[in-house]
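Since the structure comes first, as C-alpha coordinates, the remarks are kept for the end.
Below, all heavy atoms of this structure are taken into account, side chains as well, without hydrogens, waters or symmetry copies.
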Amino acid sequence: MDEAADPAIAEVLARYFQVKPGGYGEGDLMIGVKLSTLRILLKPYLRAGLPLPAIEKALASPVHEHRLAILCLLADRAGRALKPRTANPAELTAIYELYLRSTKYIDNWDLVDCSAPEIVGAELLDQPRDVLYQLIASSNLWERRIALVATYKLIRNGQTDDTFALAERVLNDPEDLIHKASGWMLREAGKHTAPDALRAFLDAHATQMPRTMLRYSIERLPAETRRHYLQLGK
(Lines give C-alpha, C1' and ligand atoms only; values in the text may rest on other atoms or scores of the structure.)
Protein backbone atom coordinates (compact mmCIF):
# COMPACT_ATOMS: atom_id res chain seq x y z
CA MET A 1 0.00 0.00 0.00
CA ASP A 2 2.77 2.43 0.84
CA GLU A 3 4.42 1.69 -2.52
CA ALA A 4 1.08 2.38 -4.28
CA ALA A 5 0.62 5.71 -2.49
CA ASP A 6 0.08 8.77 -4.67
CA PRO A 7 0.45 12.27 -3.17
CA ALA A 8 -1.96 13.76 -5.74
CA ILE A 9 -4.65 11.24 -4.77
CA ALA A 10 -3.88 11.90 -1.11
CA GLU A 11 -4.73 15.58 -1.61
CA VAL A 12 -8.06 14.69 -3.23
CA LEU A 13 -8.93 12.20 -0.47
CA ALA A 14 -7.96 14.67 2.23
CA ARG A 15 -10.44 17.20 0.84
CA TYR A 16 -13.15 14.56 0.33
CA PHE A 17 -12.89 13.23 3.88
CA GLN A 18 -12.48 16.68 5.41
CA VAL A 19 -8.99 16.21 6.77
CA LYS A 20 -8.73 19.89 7.65
CA PRO A 21 -8.98 22.01 10.78
CA GLY A 22 -12.57 21.80 11.98
CA GLY A 23 -13.43 19.01 9.55
CA TYR A 24 -14.84 15.68 10.72
CA GLY A 25 -11.60 13.97 9.56
CA GLU A 26 -9.28 16.50 11.17
CA GLY A 27 -5.88 15.07 12.01
CA ASP A 28 -6.14 11.95 9.83
CA LEU A 29 -3.29 11.00 7.50
CA MET A 30 -4.00 10.10 3.86
CA ILE A 31 -1.26 8.53 1.72
CA GLY A 32 -3.29 8.35 -1.50
CA VAL A 33 -4.53 4.82 -2.19
CA LYS A 34 -7.96 4.50 -3.82
CA LEU A 35 -10.37 1.88 -2.48
CA SER A 36 -10.31 0.02 -5.81
CA THR A 37 -6.51 -0.27 -5.60
CA LEU A 38 -6.66 -1.17 -1.93
CA ARG A 39 -9.01 -4.10 -2.61
CA ILE A 40 -6.67 -5.49 -5.27
CA LEU A 41 -3.70 -5.26 -2.91
CA LEU A 42 -5.72 -6.87 -0.12
CA LYS A 43 -6.84 -9.96 -2.08
CA PRO A 44 -3.90 -12.24 -1.26
CA TYR A 45 -4.44 -11.66 2.45
CA LEU A 46 -8.18 -12.21 2.75
CA ARG A 47 -7.88 -15.97 3.32
CA ALA A 48 -4.41 -15.96 4.83
CA GLY A 49 -5.67 -16.51 8.37
CA LEU A 50 -3.74 -13.57 9.77
CA PRO A 51 -3.90 -13.65 13.59
CA LEU A 52 -6.46 -11.31 15.08
CA PRO A 53 -4.07 -9.81 17.69
CA ALA A 54 -1.77 -8.66 14.86
CA ILE A 55 -4.73 -7.29 12.91
CA GLU A 56 -5.93 -5.41 15.98
CA LYS A 57 -2.48 -3.88 16.38
CA ALA A 58 -2.46 -2.82 12.72
CA LEU A 59 -5.84 -1.14 13.13
CA ALA A 60 -4.13 1.46 15.32
CA SER A 61 -2.15 2.79 12.32
CA PRO A 62 -2.29 6.58 11.91
CA VAL A 63 -2.75 6.06 8.14
CA HIS A 64 -6.38 6.15 7.01
CA GLU A 65 -5.92 3.67 4.16
CA HIS A 66 -4.18 1.19 6.47
CA ARG A 67 -7.19 1.22 8.78
CA LEU A 68 -9.56 0.95 5.81
CA ALA A 69 -7.69 -2.11 4.56
CA ILE A 70 -7.85 -3.80 7.97
CA LEU A 71 -11.57 -3.12 8.29
CA CYS A 72 -12.26 -4.45 4.78
CA LEU A 73 -10.31 -7.58 5.68
CA LEU A 74 -12.21 -8.03 8.93
CA ALA A 75 -15.56 -7.50 7.19
CA ASP A 76 -14.65 -10.14 4.62
CA ARG A 77 -13.67 -12.63 7.30
CA ALA A 78 -16.83 -11.90 9.27
CA GLY A 79 -18.92 -12.47 6.15
CA ARG A 80 -17.27 -15.82 5.48
CA ALA A 81 -17.78 -16.81 9.11
CA LEU A 82 -21.54 -16.72 8.47
CA LYS A 83 -21.56 -18.80 5.29
CA PRO A 84 -22.59 -22.47 5.68
CA ARG A 85 -19.45 -23.90 4.07
CA THR A 86 -17.09 -21.73 6.13
CA ALA A 87 -19.22 -21.14 9.22
CA ASN A 88 -17.21 -20.09 12.25
CA PRO A 89 -19.40 -18.34 14.86
CA ALA A 90 -16.49 -18.10 17.31
CA GLU A 91 -14.41 -16.14 14.78
CA LEU A 92 -17.30 -13.78 14.06
CA THR A 93 -17.69 -13.10 17.78
CA ALA A 94 -13.95 -12.53 18.18
CA ILE A 95 -13.96 -10.04 15.29
CA TYR A 96 -17.02 -8.30 16.73
CA GLU A 97 -15.38 -7.94 20.14
CA LEU A 98 -12.15 -6.65 18.55
CA TYR A 99 -14.22 -4.12 16.60
CA LEU A 100 -16.01 -2.75 19.65
CA ARG A 101 -12.69 -2.42 21.48
CA SER A 102 -11.33 -0.42 18.56
CA THR A 103 -14.00 2.16 17.74
CA LYS A 104 -11.58 5.03 18.39
CA TYR A 105 -9.77 3.97 15.21
CA ILE A 106 -13.00 3.71 13.16
CA ASP A 107 -13.26 7.43 12.75
CA ASN A 108 -14.64 8.32 9.34
CA TRP A 109 -17.76 7.36 7.44
CA ASP A 110 -16.03 5.07 4.91
CA LEU A 111 -14.43 3.11 7.75
CA VAL A 112 -17.81 2.65 9.42
CA ASP A 113 -19.76 1.86 6.28
CA CYS A 114 -17.41 -0.83 4.96
CA SER A 115 -17.44 -2.76 8.22
CA ALA A 116 -20.36 -2.17 10.60
CA PRO A 117 -23.00 -4.26 8.75
CA GLU A 118 -20.84 -7.36 8.24
CA ILE A 119 -19.30 -7.27 11.72
CA VAL A 120 -21.72 -5.68 14.19
CA GLY A 121 -24.94 -6.34 12.28
CA ALA A 122 -23.98 -9.93 11.52
CA GLU A 123 -23.08 -10.75 15.12
CA LEU A 124 -26.39 -9.34 16.35
CA LEU A 125 -28.64 -11.19 13.89
CA ASP A 126 -29.65 -13.64 16.62
CA GLN A 127 -28.47 -11.71 19.68
CA PRO A 128 -29.92 -8.96 21.92
CA ARG A 129 -29.41 -5.50 20.47
CA ASP A 130 -28.50 -3.60 23.67
CA VAL A 131 -25.13 -2.57 22.26
CA LEU A 132 -26.81 -0.62 19.44
CA TYR A 133 -28.65 1.52 21.98
CA GLN A 134 -25.43 2.10 23.94
CA LEU A 135 -23.66 3.19 20.76
CA ILE A 136 -26.49 5.47 19.60
CA ALA A 137 -26.30 7.31 22.94
CA SER A 138 -22.54 7.86 22.58
CA SER A 139 -21.05 11.34 22.34
CA ASN A 140 -18.85 9.93 19.58
CA LEU A 141 -20.25 10.64 16.11
CA TRP A 142 -18.76 7.48 14.62
CA GLU A 143 -20.14 5.18 17.30
CA ARG A 144 -23.60 6.58 16.60
CA ARG A 145 -23.09 5.97 12.90
CA ILE A 146 -21.92 2.40 13.63
CA ALA A 147 -25.19 1.75 15.46
CA LEU A 148 -27.27 2.97 12.53
CA VAL A 149 -25.31 1.43 9.66
CA ALA A 150 -24.98 -1.92 11.45
CA THR A 151 -28.73 -2.34 11.03
CA TYR A 152 -28.29 -2.68 7.25
CA LYS A 153 -27.45 -6.35 7.86
CA LEU A 154 -30.57 -6.72 10.00
CA ILE A 155 -32.71 -5.03 7.34
CA ARG A 156 -31.45 -7.42 4.67
CA ASN A 157 -32.55 -10.25 6.94
CA GLY A 158 -36.06 -8.86 7.42
CA GLN A 159 -35.45 -7.22 10.81
CA THR A 160 -36.28 -3.51 10.81
CA ASP A 161 -37.58 -2.66 14.29
CA ASP A 162 -34.19 -1.49 15.53
CA THR A 163 -33.65 0.73 12.48
CA PHE A 164 -36.83 2.67 13.22
CA ALA A 165 -36.15 2.81 16.95
CA LEU A 166 -32.60 4.10 16.47
CA ALA A 167 -33.67 6.64 13.84
CA GLU A 168 -36.19 8.04 16.31
CA ARG A 169 -33.37 8.58 18.80
CA VAL A 170 -31.36 10.76 16.43
CA LEU A 171 -34.12 13.11 15.27
CA ASN A 172 -32.35 15.93 17.09
CA ASP A 173 -28.79 14.81 16.43
CA PRO A 174 -26.56 17.78 15.50
CA GLU A 175 -24.46 15.90 12.90
CA ASP A 176 -25.32 15.80 9.19
CA LEU A 177 -23.50 12.49 8.82
CA ILE A 178 -25.96 10.98 11.29
CA HIS A 179 -28.89 12.47 9.38
CA LYS A 180 -27.53 10.86 6.21
CA ALA A 181 -26.99 7.47 7.86
CA SER A 182 -30.41 7.37 9.51
CA GLY A 183 -32.17 8.49 6.32
CA TRP A 184 -30.25 5.89 4.32
CA MET A 185 -31.23 3.08 6.72
CA LEU A 186 -34.86 4.21 6.77
CA ARG A 187 -34.91 4.17 2.98
CA GLU A 188 -33.43 0.66 2.91
CA ALA A 189 -35.92 -0.59 5.50
CA GLY A 190 -38.79 0.73 3.42
CA LYS A 191 -37.37 -0.62 0.18
CA HIS A 192 -36.50 -4.14 1.31
CA THR A 193 -38.86 -5.14 4.07
CA ALA A 194 -41.17 -2.61 5.67
CA PRO A 195 -42.75 -0.05 3.31
CA ASP A 196 -45.76 0.39 5.58
CA ALA A 197 -43.55 0.86 8.63
CA LEU A 198 -41.58 3.55 6.79
CA ARG A 199 -44.78 5.40 5.92
CA ALA A 200 -45.90 5.16 9.55
CA PHE A 201 -42.53 6.51 10.73
CA LEU A 202 -42.75 9.40 8.28
CA ASP A 203 -46.34 10.17 9.29
CA ALA A 204 -45.25 10.35 12.91
CA HIS A 205 -41.92 12.17 12.52
CA ALA A 206 -41.65 14.01 9.18
CA THR A 207 -42.30 17.36 10.84
CA GLN A 208 -39.33 16.78 13.21
CA MET A 209 -36.88 15.09 10.85
CA PRO A 210 -33.79 17.01 9.73
CA ARG A 211 -34.13 17.82 6.05
CA THR A 212 -31.26 15.56 5.03
CA MET A 213 -32.68 12.58 6.92
CA LEU A 214 -36.09 13.15 5.37
CA ARG A 215 -34.75 13.48 1.83
CA TYR A 216 -32.67 10.33 2.08
CA SER A 217 -35.52 8.32 3.59
CA ILE A 218 -38.06 9.13 0.86
CA GLU A 219 -35.81 8.72 -2.20
CA ARG A 220 -37.51 5.48 -3.33
CA LEU A 221 -41.08 6.66 -2.78
CA PRO A 222 -43.35 7.89 -5.61
CA ALA A 223 -42.87 11.54 -6.59
CA GLU A 224 -46.25 12.63 -5.23
CA THR A 225 -45.54 10.95 -1.90
CA ARG A 226 -42.11 12.59 -1.70
CA ARG A 227 -43.68 16.01 -2.27
CA HIS A 228 -46.20 15.35 0.48
CA TYR A 229 -43.55 14.54 3.07
CA LEU A 230 -41.23 17.36 2.01
CA GLN A 231 -44.06 19.81 2.60
CA LEU A 232 -44.46 18.42 6.11
CA GLY A 233 -40.74 18.57 6.90
CA LYS A 234 -38.72 21.27 8.62
Side-chain angles (χ1 to χ4, degrees), residues 13 15-20 22-26 35 75 103 106-122 124-125 129-234:
L13 292 175
R15 288 194 299 271
Y16 187 62
F17 290 105
Q18 295 198 23
V19 180
K20 61 181 181 180
Y24 55 73
E26 181 177 2
L35 180 58
T103 56
I106 307 167
D107 57 357
N108 214 310
W109 60 264
D110 61 327
L111 305 180
V112 172
D113 296 359
C114 79
S115 57
E118 290 300 327
I119 297 175
V120 179
L124 298 180
L125 280 171
R129 312 285 161 73
D130 300 31
V131 67
L132 296 180
Y133 295 90
Q134 295 167 9
L135 290 168
I136 205 68
S138 172
S139 61
N140 183 302
L141 157 64
W142 308 115
E143 291 189 345
R144 301 200 301 280
R145 189 170 175 108
I146 288 169
L148 291 161
V149 177
T151 69
Y152 186 61
K153 188 73 171 182
L154 306 180
I155 292 166
R156 296 306 296 265
N157 283 268
Q159 303 175 32
T160 59
D161 289 353
D162 292 293
T163 299
F164 292 111
L166 294 168
E168 187 172 3
R169 296 191 181 205
V170 294
L171 287 171
N172 296 311
D173 197 283
E175 297 289 349
D176 189 61
L177 285 168
I178 296 300
H179 305 165
K180 290 177 178 177
S182 54
W184 170 26
M185 290 303 109
L186 288 170
R187 181 189 71 210
E188 295 303 309
K191 179 176 73 174
H192 289 291
T193 306
D196 292 340
L198 174 58
R199 298 286 187 95
F201 185 93
L202 292 168
D203 289 341
H205 301 296
T207 58
Q208 306 164 259
M209 291 170 72
R211 199 71 169 176
T212 299
M213 183 195 297
L214 180 58
R215 284 188 175 276
Y216 271 55
S217 69
I218 63 176
E219 281 180 345
R220 298 302 180 94
L221 298 179
E224 184 176 342
T225 306
R226 293 200 304 272
R227 283 194 295 271
H228 166 71
Y229 286 118
L230 286 172
Q231 289 170 356
L232 295 178
K234 288 184 178 180

Minimal heavy-atom distance between R220 and K191, with the atoms involved, is NH1-CD, 3.1 Å
Verdict with supporting geometry, L171 and M213, side chain to side chain contact (heavy atoms under 4.5 Å, CB included): CA-CA 8 Å; L171 287 171; M213 183 195 297; 4.0 Å; yes
Looking only at non-hydrogen atoms, find the nearest pair between P174 and R144 and report the distance. CD-NH2, 4.5 Å
Test item: side-chain donor near acceptor, Y152 and W184, under 3.5 Å: no
Using only heavy-atom distances, determine whether the side chains of D107 and Y24 contain a donor-acceptor pair under 3.5 Å. no
Side-chain contact test, heavy atoms from C-beta onward, threshold under 4.5 Å: evaluate it for I136 versus V170 and give yes or no. yes
Point-to-point distance, once rounded to the nearest 0.5 Å, from CD of E118 to NZ of K153: 3.5 Å
Return the minimal non-hydrogen interatomic distance between R145 and A181, and the atom names on each side. NH1-CB, 3.7 Å
Nearest 0.5 Å, please: how far is OH in Y133 from OG in S138? 16.0 Å
For the pair R211 and L230, evaluate side chain to side chain contact (heavy atoms under 4.5 Å, CB included) and give the outcome as yes or no after the intermediate values. CA-CA 8 Å; R211 199 71 169 176; L230 286 172; 3.9 Å; yes
Nearest-0.5 Å distance that lies between atom CE in M209 and atom CD1 in I218: 8.0 Å
For residues L221 and L202, determine if any side-chain heavy atom of one lies less than 4.5 Å from a side-chain heavy atom of the other. yes
For the OH atom on Y16, are there more than 12 heavy atoms of other groups (residues, nucleotides or ligands in this structure) within a distance under 6.0 Å? no
Is any NZ, NE, NH1 or NH2 atom of the basic residue among K180 and D176 found under 4.0 Å from an Asp or Glu carboxylate oxygen of the other? yes
Shortest non-hydrogen contact between T151 and A147, atoms and distance: CG2-O, 3.5 Å
Looking only at non-hydrogen atoms, find the nearest pair between M185 and I155 and report the distance. O-CD1, 3.5 Å
Distance in Å, L177 CG paired with W109 CH2, rounded so as to fall on 0.5 Å steps: 9.0 Å
The single option from T193, D161, D162, T163 that satisfies side-chain contact (heavy atoms from CB on, under 4.5 Å) with L154 is D162
Within the structure provided, determine whether Y229 and L214 are in side-chain contact (heavy-atom separation under 4.5 Å). yes
Considering all heavy atoms, the nearest L166-L132 contact: CD2-O, 3.8 Å
With a 4.5 Å limit on heavy-atom distance, are the side chains of R187 and L198 in contact? no
Given side chains that start at C-beta, do those of R199 and T225 come closer than 4.5 Å, heavy atoms only? yes
Using modelled atom types and a 3.5 Å cut-off, is there a donor and acceptor pairing between side-chain atoms of E168 and backbone atoms of F164? no
Any non-hydrogen side-chain atom of R129 less than 4.5 Å from a side-chain atom of Q159? yes
With a 4.5 Å heavy-atom cut-off, do Y216 and E188 have their side chains touching? no
Indicate yes or no for a side-chain donor-acceptor contact from H179 to the backbone of D173 under 3.5 Å, with no hydrogens or angles considered. yes
